Every structure is written in C-alpha cells, then in structure tokens.
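See structure below.
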Amino acid sequence: MLSCLSRPRLGCVTTSIVRRHTKRSFSTKSLSSNSRIYIATAGLISVPSLWWLTATRDDVPRLEGPPAEQLVPEPGLSKEDITQILSKEAYSFQVRNITGVDRYDGSQLASNSPCEDRFIHGKLSSPWNEADQWMSWAVFDGHSGWQTADLLTKQLLPFVQRRLTEAKPPSNEPVPNESVRRAIMNGFVDLDDSIIKTAQDTSNSKKSFQDKVKKLAPAFAGSCALLALYDPFTSTLHVACTGDSRAVLGQKGPDGKWEVIPLSVDQTGSNEEEVARISEEHPGEENIAKGGRVLGLMVSRAFGDSLWKWPLDFQKEMKQKFNGPAPLTPRYDVRTPPYLTAEPVVTSTKIDPNKPSFLILGTDGLWDYLSNKQGVDLVGNWLEQQGNGEKKSESEPADRQFDFGRFWKDVNWKFVEERTTIQDDNAAVHLMRNSLGGNYHELIAGRLAFGPPFSRRVRDDITVQVVFFNVEK
C-alpha cells in the first residue's frame, strides 16, 4: 500500500496540486457543501492513479465461517445416494418399427475427469436403401485422454456407412455377410488412417498453431471401439471390436436357461493369438509383447496411439514442434512401426426371432469385475424378476465394516453371486451396481466415495449398453 510516508514526494505533491488548482479556480465560500464535494471529487478523478478514491462499494468477500467446533462432517453415501450416482447418466428407449428389437438400456459412470469413455446409439438408414432402418450401438473406451473417443462418436459410423454403401452388388441380391464384415473393417481402418497418416500434412499446413494441436489431439490420445450394427431385414447382428471392450449375447435355450455367446474377444498383450500376430508382423523383435502389454500398452489394437504407429523420427519431430508425447525410445526398442492397428475383428450373428435374447456391450471398466457368464446371468435374472414384478435385495454381509486393505485378505473385489441384488429398472445400471459391490453397501460406497484422480485406483470409467431382442418387456 502507498502512503505519504513511504512515497512523500509523489503522494503529497499530487494532493497539493489538487488543492492549489481548486483554490485558484473557485471561491468555495459561495458554494454549498454538496458542490464542494463534487468539485473535490472531479479534481481527484482528473489526476491519474487516484480514480480508486471515488469507489463507493466494498465488494471484497468475507471469509468467516462457523466456529471450528461447530463444523459437522459430511455424511457418508446413503443407499439413495448410490442409486442416484449410478443412475445419473442412465437412459432407456422402447423401440418401435424395428423388427426384433424391443428396448435398450444404457448408463455410464465416470472415474476420470473428464470421462474418457463415449457412446452412441440409435437408428440409421440402411446403406442400401434409405427408406429402410437399421440400428446401431457403440461404446468407445478412450485412454491418454478423451479426444480420440470423442472423434469416434462423430466419425466412425459415417466412415463405415460409406464403405457399406460401396459393398452393394449391382443386382438386388442380398449382400453377403463376408462383404459386410470387410466393409466395416475398411471403414475402421480408413478413419484411423485419416487420424494417423494426415498428421504430417497437418504439421506442415498453414493453419494456426491452436488448430493444428486440436486436430492432432486424437492422434496423441487413443481409444478402443466396439460397434454393433443390426440389420432387421436379415435379423443379423454385426459386431466389430478394436481393443478390449467386450460384446456378449445372452440367448434363451430350450431348457429356459440363458446361453452365453461371446461376440468379441479382448485384444490385449495377454491374448496369445494377438501376440502371435504381432510377432509374425515384426520378425526378430522379441520383446514387443511382454508382461501382457504391447510396448507398454495394454491393448493390441486401437485408434490413435500414434507413438505405436508413427516412424521414430516423426515422433521426435512432433514432440519438438507440438509438445506431443515423448517417443517410446529409449524405454522400448522401437524398430519397425506400426505396432498397432485399428482393424477390428468382426462377427456376424443371426438373431433367432423365436428365441428371446439380449446383447451386452461394455467397456473394460465393467468386465474388470464380471465374466461373460456372470454378465448374462445377471441380465437374465433381472429379466425374470421384471416379468414377475418383484425385486430382489438380499441382506448385506454380517460384517459391514470395510477398508480396501481387505481386498487382499477376505473381500473379493470382483463380482460375487452372493452379493447379487435386483433393485434397478435399468438393466445397464443393474450390471454396474452388481459389478461394483451389489448389496454390499460398504464396498460399493467405498468405490464411489473417491473422486478423480483417486477414484482411478479403485474403478475405471464404465459404459454399458443392453439391447433386448424378441423379449416382451
């Protein structure tokens, strides 16, 4: 703070100038007190650095709170709080005018901030007849950021649709499933090429630096992709998987039990077939897949993830020019990139119109805790309870006290059938609740008590979609 004592010459001289100027210009004896105030104020305003003396309001916030002894801790998460958290992003749609599809549910629970998962769902025009309608659902599990997954929500389906349109034969004959699968694969690869291979053009373009960084972000980050397309005219479900999100079909058998039909297999460094494929593509490089990872990355297929695809020199250039991720060397022996591909594995499955069935799509945040069979059993039991109009919520474990150290002793951190509870009207929320703890309130509350970044230690982002075929609901 300035004062006449600390800066006598500047402060006092300025004041004296104002006073002398006022005395010479007017005789204050003949003026009212209000006029005198106005004149003095006008004089002060005219002098630089003194405008603040005219302020009439004090907007400085007050920081006093209640006395420390009166502070009350925030209450823990109640059962209602947990339901609200799990259901916050939930959605459910009844489907009309699409033969075979009755309804689908979905939900998402974030752990990262912002959430790195994304999803899409809805109707789309048939690639061969715009008057006909297909349906599509997809989940995208981003990593090292949300940018790649976010791009996929906008661009993947258009890229696939374009390739499907090209697959239509000249005659009106049905398009073979093999042609459909190849078109979907090409659409995935086309989009990833546009992300990865156009980076050099972006780098050398005349765009602003900010525009370049924004366009390069989906290459710096990465994402898995799980896309389902349903053709109601052939009752065929096409599922394309890049990465470790997973699709599984539950189908009711003649004995009334739900059969488990895997529609995708996790593509990771722990998948022996994936390791063999990568080793064959890079002969002589023995340490590409090690410890269940591909040069440090969990998944063996993904969009983006340019460090596993760009030549080493270009990695260094992008690091220098755009502050991109540091090259994989010297941590890993990078010789012959690319080591990753976005090409999906695509399956085509006929949905039997005489058998109730459902599709579960989930990012790995769900499957970290559930097996395929457990997921199908959970939804199957949920369907039966919904049909009976009853809800099932067994009593909690007798020992309700919980801390995370018990994970390694006597508390199973994965799904346990004895903790099953059925209390949600949304099948996706039902799956999330049971994967995180079911009726064990202290366990699920403990997982939900943490916010980012600490929540990432106890749960991942979770995105789930459940689609019901030929099920009266």
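From a predicted model like this one, the values you see are computed outputs, not experimental measurements. Start at 1 with the first residue, then count along the sequence.
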Do Y91 and Q465 have a side chain donor and acceptor closer than 3.5 Å?
yes
Do we get R162 above F159's six-membered ring, with its NZ or CZ under 6.0 Å from the centre and within 45° of the axis?
yes
Short side-chain donor-acceptor distance under 3.5 Å, Q423 and T421:
yes
Answer yes if the ring centres of F188 and F303 are under 6.0 angstrom apart, and no otherwise.
yes
Crowded around K319 NZ? As in, over 12 foreign heavy atoms under 6.0 Å?
yes
So H441 and I82, do their side chains get closer than 4.5 Å, heavy atoms only?
yes
Cationic N near anionic O, under 4.0 Å, E259 to K355:
no
Can you list everything that forms a side chain to side chain donor-acceptor pair (under 3.5 Å) with R181? Sequence neighbours excluded, please.
E178, S348
Could you check whether Q94 and Y104, counting side-chain N and O atoms only, form a donor-acceptor pair closer than 3.5 Å?
no
Would you tell me whether D231 and T234 have side-chain atoms, one donor and one acceptor, within less than 3.5 Å of each other?
yes
Would you say CD of Q84 has more than 12 non-hydrogen atoms from neighbouring residues, nucleotides or ligands within 6.0 angstrom?
no
With rounding to the nearest 0.5 angstrom, report the CG to CG distance, L226 to L361.
5.0 Å
Quick check for you: to the nearest 0.5 Å, what is the distance between H143 atom NE2 and D461 atom CG?
12.5 Å
I'd like to know if the side chain of H430 pairs up with that of N434 as donor and acceptor (distance under 3.5 Å, no hydrogens or angles considered).
yes
Begin with the C-alpha distance, continue with both residues' side-chain angles, and end with the deciding distance and a verdict on side chain to side chain contact (heavy atoms under 4.5 Å, CB included) for F140 and I120.
CA-CA 9 Å; F140 307 111; I120 59 173; 4.2 Å; yes
Nearest non-hydrogen partners of D460 and G365, listed with the distance
CB-CA, 3.9 Å
Is there a side chain to side chain contact (heavy atoms under 4.5 Å, CB included) between D105 and V467? Walk through the geometry before answering.
CA-CA 7 Å; D105 296 355; V467 185; over 6 Å; no
In this structure, is the centre-to-centre distance between the rings of F358 and W258 below 6.0 Å?
yes
Find the distance between OG (S113) and CZ (R456) and round it off to the nearest 0.5 Å.
13.5 Å
salt_bridge(D211, K215) N-O dist < 4.0 Å
no
CA sep, side-chain torsions, deciding dist, call: L431, I360, side chain to side chain contact (heavy atoms under 4.5 Å, CB included):
CA-CA 10 Å; L431 280 173; I360 303 174; 3.9 Å; yes
Within the supplied structure, the quantity of interest is the number of heavy atoms (other residues, nucleotides, ligands) at a distance under 6.0 Å from D201 CG; does it exceed 12?
yes
Could you check if a side-chain atom of N381 sits within less than 4.5 angstrom of a side-chain atom of T420, using non-hydrogen atoms only?
no
If every non-hydrogen atom of L436 is compared with every non-hydrogen atom of L443, which pair is closest and at what distance?
O-CG, 3.8 Å
In this structure, CD1 of I351 is separated from OH of Y230 (nearest 0.5 Å) by 6.5 Å
Set of residues satisfying side chain to side chain donor-acceptor pair (under 3.5 Å) with respect to S357, sequence neighbours excluded:
none
Pair K309 + D192: basic N to acidic O under 4.0 Å
yes
In short, salt bridge (charged side-chain N to carboxylate O under 4.0 Å, His left out) pairs touching residues 356-378 with sequence neighbours left out are K373-D377
A138 to L227 - nearest heavy-atom pair and separation
CB-CD1, 3.8 Å
Under a 4.0 Å N-O cut-off, is there an ion pair linking E273 with R277?
no
Under a 4.0 Å N-O cut-off, is there an ion pair linking D81 with K79?
no
About how many Å separate OG of S455 and CZ of F450, when rounded to the nearest 0.5 Å?
9.0 Å
With a 6.0 Å cut-off (strictly less than), is the heavy-atom count around CZ of R331, excluding the residue itself, greater than 12?
yes
Nearest heavy-atom pair of R163 and G187: which atoms, and what distance?
CG-N, 3.7 Å
Starting at CG of D352, measure out to CD of Q251 and round the result to the nearest 0.5 Å.
6.0 Å
Whether the T83 and R433 side chains hold a donor-acceptor pair (N or O, under 3.5 Å, no angle test) is what I'd like checked.
yes
Do we get R459 above Y369's six-membered ring, with its NZ or CZ under 6.0 Å from the centre and within 45° of the axis?
no
Residues, nucleotides or ligands: over 12 heavy atoms within 6.0 Å of K321 NZ:
yes
Report yes or no: do T363 and D141 form a side-chain donor-acceptor pair below 3.5 Å?
no
Are there more than 12 heavy atoms of other residues, nucleotides or ligands under 6.0 Å from atom NZ of K123?
yes
Close side-chain approach of M318 and S203, heavy atoms under 4.5 Å:
yes
Where is the tightest heavy-atom contact between Y339 and I288, given as atom of each residue plus distance?
CE2-CD1, 3.6 Å
